[in-house]
2 protein chains.
Amino acid sequence: MDAIDRSLVRLLDQDARRTYNELGKEVRLSANTVADRVRRLRATGVIRGFRAELDPGALGRGLTMVSDVRLREDVDRTRFERELHQVPQIVSGARMTGEYDYQLRLACVDPEEFETVVDRLKREHGVRELRSRLVLHDLEVSTTGLLDLA
Amino acid sequence: MDAIDRSLVRLLDQDARRTYNELGKEVRLSANTVADRVRRLRATGVIRGFRAELDPGALGRGLTMVSDVRLREDVDRTRFERELHQVPQIVSGARMTGEYDYQLRLACVDPEEFETVVDRLKREHGVRELRSRLVLHDLEVSTTGLLDLA
DNA sequence: AATGAAAGCACACTGGT
DNA sequence: ACCAGTGTGCTTTCATT
């Protein structure tokens, strides 16, 4: 994980479809050396994968909510986590310390849809309490800043 | 945005570096046509970009915190949002409704580093109050579930 | 770890249905 | 909206340092 690797990660974070050749020009290395390095970055887990970033807004889902969630005492966390795949409005989630058990992020078309998701979570998936707020906008922050410290 | 486009988005969400040829085989279309469709999906904003996904843990940052933040009355939000790029531990953030103004996600190597970030946010960037909790683990949820509804 | 050569593919165009 | 052909450029493997 030297300075060149950091450059490569930064470049691939901006555009994951850049060719090895193109990357090679930027870092002044041959394409196949770059390919080797990128493979190594994947193998060591620094790069988890290359993914398309979607815009929920362009899919008609302009309302995103963040909900802290507390489960009923009797529900199994593993099962809860598995079941969340069944709720397509959930775009991310994490188990947390503190007052609540989980925090979920939901992309909805309108308040009415959010309401049905809330009801569903309570009725079908064992959530006892739910504290939600609206996301006004996301900040443009890159996870690539971490490389400045490594 | 038909069923084929949805398949393409799903495939690119799994691996953004798949070739048009490969994608074409999956959806039974020529590479050419696939390239056209993908270009259109980018142009219409459904696909915002192709990014490398990093693992903070593999970079030595195994402690991730979520902090709700309230700003002092006198600080300009635009300036605050711009300044956050200067804090590399911040990996995402959003302005929110409710009790707090922003929610930030921070990737740190240990509690001590988190402490210095907290102090910095208060001293240099106008945060008045801060309520934090630890992320135990992230859920494996794909934003691609949204396509099931579109 | 990095390089160059060469074979095999993928990509962007153009043009055509 | 889709496909085929073409020229160019990319990726990969292997041998070499």
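These values consider heavy atoms only, across backbone and side chains, with no hydrogens, waters or symmetry-generated copies. Proteins come first, then strands; the chains are lettered A, B, ... in the order of their sequence lines, and each starts at number 1.
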* Asked: So, is B:T33 close to the D:dA1 phosphate, meaning a side-chain N or O under 4.0 Å from OP1 or OP2?
  -> no
* Structure fact -> Whole-Å distance, B:R42 CZ to C:dA12 C1', equals 15 Å
* More 5' along DNA chain D: A:D36 or A:K25, using each one's nearest nucleotide? -> A:K25
* If you pin A:D2 and B:A31 to their nearest nucleotides in DNA chain C, which one's is more 5'? -> A:D2
* **Basic-acidic side-chain contact under 4.0 Å: A:E81, A:R77** => no
* Asked: Is the distance from OP1 or OP2 of D:dC2 to the nearest side-chain N or O of B:S30 less than 4.0 Å?
  -> no
* Asked: Which nucleotide sits closest to the side chain of B:Y20: C:dA10, C:dA12, D:dC10?
  -> C:dA12
* To do: Determine, using the 4.5 Å side-chain heavy-atom cutoff (strictly less than), whether A:I90 and B:L146 are members of one ILVMFWY cluster.
  => no
* **Length of the line joining A:M1:CE and C:dA1:P, which is rounded to integer Å** => 15 Å
* To do: Taking the side chain as every heavy atom from C-beta outward, state whether A:M96 and A:Y102 have any pair of such atoms under 4.5 Å apart.
  => no
* To do: Taking only the side-chain heavy atoms of A:L29 (C-beta and beyond), determine which of C:dA2, C:dC11, D:dT12 contains the nearest atom.
  => C:dA2
* To do: Please determine if A:R128 and A:D74 form a salt bridge, counting it only when a charged side-chain N lies under 4.0 Å from a carboxylate O.
  => no
* To do: Quickly work out the B:R17 CZ to C:dC9 P distance and round it to whole Å.
  => 19 Å
* To do: Respond yes when some side-chain nitrogen or oxygen of A:R18 is under 4.0 Å from OP1 or OP2 of D:dC10, and no when none is.
  => no
* To do: Measure from the side chain of B:N21, starting at C-beta and using heavy atoms only, and say which of C:dA10, C:dA2, D:dC2 lies closest.
  => C:dA10
* Check the distance between C:dA2's C1' and A:I4's CD1 and give it to me in whole angstrom. => 10 Å
* Asked: If you take atom types as modelled and just measure distance, does the side chain of B:N32 reach the base of C:dC11 with a donor-acceptor pair under 3.5 Å?
  -> no
